[in-house]
Amino acid sequence: MESIDWQLCFIIGPAGAARDNAVHRMVGQRTSPGPGTVVDDLDAPSSRAAVAARLLAAGEWVVVPTAAPPTWSEVGHLVRRWRTIIVIVGDRGVRQQYWTAPTVDRRHLRSYVERVSRWHPTTARTMDEPLPREVNVAVTDLDRVAVGNSVPGGSGYLVRLCIDMHRAESIVPHGSATFPAERLPPTLDGWWLHAVLTEPGGALTRRPFYLPRVGSSFGCPCPAGRTHRCRPNQRADWLDLPALAPASSGEHVVQLSIHLDAAVVQALTVVVPVALPAPARPTAQVTYSLSVDLADLDRYATRSLSIYSAQPQPDRHRFVVGDRERRYAGFELVEAQAGNAARRLRRLLFDAQFEMRDDRVVSCRYAAEGLSKDADAYLADLRALAVAGREAFVSLVPDPELRRRMRSWLVEEAAARSAPPVIQVAQAPGSRVAIPWQLIYDEPLLADGGDAWVCPSIADFGPAGGGGSAEVPARCPHEAEHDDRRGTLCPFGMWGLAHVIETPPSNWAANLAETTGDEQPADLVLAVNAALTGPAVDRHLASLERLTEPAATVLYDVAALRAGVQLGPDVLYLLCHGRRAGSGTATVELDLGAGGRLSPPDVLTWAELEPPVRWSRRRPLVVLNGCFTGEVLPETLTDFVTAFVTSPGAAGVLVTEIAMAKELACAAMGSFLAEIWAGQGVGAALRRTRWGLLRRGNLMGLAYTPYCDAALRIPMEGRLRP
């Protein structure tokens with residue numbers, strides 16, 4: 001559309017995306033931006049005109065989206081004085097007509113407006129695509145003067161935030177990532193968001209701000225979550241977050257995360273040089289984003305707790321925790337702490353499964369029949385994992401008050417919703433330590449837990465409970481009896497049993513999927529190491545044959561696998577070995593025996609080969625049922641989660657944290673896939689699988705980690721056969 005330095009604009013058409021897009025484009029195409037306001041489609045025309053008149057008199061430009069064409073009696077006095085443009089939104093496009101006061105022909109305008117309701121464009125330029133909004137970041141001194149190079153040591157400065165079309169003063173590269181506003185919950189007006197700025201050492205500043213459906217975000221004095229009562233002149237389109245530079249020279253690296261209640265929507269790393277010579281200057285880069293254009297972020301408004309982790313320095317991790325009540329906190333830990341916590345948790349889970357001698361596995365500790373343990377052995381395993389999980393929790397979150405708050409947030413959520421709380425773990429790409437959060441234990445414990453009160457839930461839901469099939473509640477039935485003086489041992493203290501944990505990967509190229517596809521029934525591609533044999537494997541493959549309609553496609557080598565997944569199945573399941581890719585390396589390969597090996601770099605290359613593997617029609621959940629397929633450590637170069645999501649475009653990846661006995665691997669994934677085909681989302685299916693194994697005294701369901709939306713499902717008619 002042609003640009004005009006208008007002062008008043010009417011957008012006429014039914015409420016919806018087309019009118020919103022027209023508003024956004026008209027605002028963006030003003031030649032003189034200046035202060036302005038989009039006036040709501042008020043019921044009373046006289047009120048709408050009165051508001052517009054006051055704003056115009058104050059020197060602002062005004063946009064009035066309206067379903068009904070304005071009459072001359074309503075707008076004539078405005079059009080005579082202010083440069084006016086009228087944009088009409090039709091079924092297939094937009095036509096515009098504008099007049100420049102005071103030479104407007106009154107009869108011409110009235111005749112034009114009277115024809116609006118009958119107008120149906122056939123050749124007008126369309127406005128179906130919304131203008132993308134980006135996160136703009138500027139670094140200024142405390143007087144809001146832009147910082148062109150370094151800030152003085154020990155001085156305060158501002159990190160300024162604005163979500164709008166790209167602005168010249170922004171230090172975020174133009175087009176590096178659009179803000180995923182289309183994934184925010186449906187609303188007639190807009191969304192209250194929170195910006196959280198985290199500095200080295202965990203210092204945290206948070207500010208609420210408002211993002212309207214169209215136009216620029218703004219800060220205002222209204223309480224977050226409430227209806228706006230502020231005047232337009234009280235709204236600031238730049239949100240200021242203060243920071244303090246260190247006294248010494250170097251780079252001050254701060255994390256800026258944007259939250260919708262508990263969920264992290266987008267995050268950036270801002271690097272501010274301190275007392276450094278030119279040409280050093282502040283920089284900012286988007287480091288995490290849920291997606292680019294999906295229109296249903298309302299599912300993320302249900303998250304109970306979020307944990308965003310970034311790695312601003314090679315030896316340090318920075319975390320931001322938030323809940324649904326918009327309470328946020330930050331903390332840091334060094335690389336060794338994070339790596340040691342992850343290794344210890346994995347090691348204890350491994351020890352619960354295998355007996356070792358001379359650094360070699362000699363047997364599986366679970367009984368061959370039923371893959372079970374008796375009540376005493378199960379209690380010992382749970383105690384050991386709970387102690388380690390508690391140690392990890394204390395190490396990761398050293399502030400006791402924050403630990404209490406996180407625990408109480410989750411308890412409150414379970415009580416309020418009568419459903420397991422959902423924890424979102426948002427991890428910036430490139431962070432090389434993946435903590436198995438499902439093994440975190442948040443009930444207080446002392447020493448080895450030997451004196452802790454043993455909750456009856458251990459017997460009720462374990463092997464002593466007779467292997468019953470009653471639905472597991474959202475919270476411990478004996479919660480009121482938990483002993484905070486001696487500590488409590490309870491399966492509901494383990495995050496992976498009490499809650500649903502999702503780790504949605506950041507992906508610039510595609511939306512994070514909620515379903516693998518729309519076509520029904522769901523299909524399954526199975527890649528198997530032919531050397532994996534035995535009764536357990538035979539039973540597992542037979543159960544998959546009964547599960548799916550049509551029958552699963554079974555492949556045995558890497559070349560056939562790449563060819564067989566060109567179009568993308570709903571579930572791509574690899575039942576194979578995990579192998580180290582050579583001596584002394586942390587990179588894992590998938591071993592299909594005589595069928596070859598598949599490494600993360602191989603998967604990353606799939607999209608470049610001919611024909612390329614790039615999933616869009618169906619985006620599979622990739623299940624890697626092999627040893628330590630999800631292990632990520634500081635020395636890890638590439639990993640399967642990143643490879644499958646970012647290159648061919650998987651909807652998500654389910655991986656194992658440790659080595660798995662084939663009998664256990666088959667039992668766990670047999671149960672999980674049955675839940676998926678029964679219509680469960682990944683998070684609920686995995687939680688049910690874990691509790692099902694726990695009834696046998698088996699903790700190995702905690703060895704699996706999902707990297708996807710917790711609600712990810714296959715097409716809903718792909719169900720179990722009768």
Side-chain angles (χ1 to χ4, degrees), residues 290-296 502 504-528 544-545 547-576 590 592 595-596 598-626 629 639-655 669 672-673 676-677 679-682 685 706-719:
L290 284 176
S291 81
V292 292
D293 59 6
L294 198 62
D296 56 356
E502 66 174 11
S506 180
N507 184 5
W508 309 123
N511 309 324
L512 188 68
E514 190 174 14
T515 60
T516 57
D518 297 325
E519 299 178 24
Q520 301 163 346
D523 62 351
L524 168 68
V525 169
L526 175 61
V528 183
L544 296 179
E545 174 69 22
L547 184 70
T548 59
E549 176 67 46
T553 299
V554 184
L555 306 169
Y556 294 96
D557 66 78
V558 171
L561 172 62
R562 188 173 74 85
V565 297
Q566 287 290 329
L567 298 179
D570 289 285
V571 177
L572 171 57
Y573 178 28
L574 289 94
L575 179 61
C576 57
L590 302 175
L592 292 178
L598 183 67
S599 67
D602 293 337
V603 176
L604 287 166
T605 306
W606 277 6
E608 302 174 48
L609 299 174
E610 289 296 336
V613 178
R614 189 68 187 163
W615 296 314
S616 58
R617 182 174 64 89
R618 290 186 193 265
R619 295 175 55 199
L621 168 66
V622 180
V623 178
L624 304 181
N625 202 9
T629 54
D639 63 90
F640 280 112
V641 174
T642 301
F644 273 109
V645 170
T646 60
S647 186
V653 187
L654 181 70
V655 295
M669 286 302 94
F672 171 77
L673 290 173
I676 290 292
W677 250 263
Q680 295 289 335
V682 168
Y707 288 84
C708 61
D709 188 318
L712 178 65
R713 285 175 167 82
I714 62 174
M716 293 306 293
E717 287 185 10
R719 303 284 184 89

> Is Trp615 reaching over with its side chain to a backbone N or O of Val565, donor-acceptor style, under 3.5 angstrom?
Replying inline: yes
> Do side-chain atoms of Glu502 reach the backbone of Ala710 as a donor and acceptor pair under 3.5 angstrom?
Replying inline: yes
Work out which heavy atom in [X] is nearest to a heavy atom in [Y]; give both atom names and the distance.
| X | Y | answer |
| --- | --- | --- |
| Ala685 | Gln680 | CB-CB, 4.0 Å |
| Gly564 | Val525 | O-CG2, 4.2 Å |
| Gly652 | Cys708 | CA-CB, 3.6 Å |
| Thr646 | Thr642 | OG1-O, 2.5 Å |
| Ala607 | Pro612 | O-CB, 3.2 Å |
| Ala513 | Asp709 | O-CB, 3.7 Å |

Just jot down the side-chain hydrogen bond (donor to acceptor under 3.5 Å, both in side chains) partners of [X], sequence neighbours excluded, or say none.
| X | answer |
| --- | --- |
| Thr515 | none |
| Glu519 | Arg617 |
| Asp570 | Thr516, Arg618 |

>> Just to verify, what does Phe672 make a ring pair (Phe, Tyr, Trp, His ring centres under 6.0 Å) with, not counting sequence neighbours?
In response: none
If we only count heavy atoms from C-beta on, is the [X] to [Y] side-chain gap below 4.5 Å?
| X | Y | result |
| --- | --- | --- |
| Phe644 | Leu624 | yes |
| Gln566 | Val613 | yes |
| Ile714 | Leu524 | no |
| Thr605 | Leu609 | yes |
| Leu621 | Val623 | yes |

>> The criterion is side-chain contact (heavy atoms from CB on, under 4.5 Å); which residues satisfy it with Cys576, sequence neighbours excluded?
In response: Asn529, Leu574, Leu590, Leu592
> If you round to the nearest 0.5 Å, how far is CG of Leu526 from OG1 of Thr553?
Replying inline: 9.0 Å
> Can you name the one residue among Val682, Leu547, Leu654 that meets side chain to side chain contact (heavy atoms under 4.5 Å, CB included) with Ile676?
Replying inline: Val682
>> Which residue is it: Val528, Val622, Leu673? I am looking for the one with a side chain to side chain contact (heavy atoms under 4.5 Å, CB included) to Tyr573.
In response: Leu673
> Does any pair with a residue in residues 550-563 pass salt bridge (Lys or Arg N to Asp or Glu O under 4.0 Å), and if so which ones, sequence neighbours excluded?
Replying inline: none
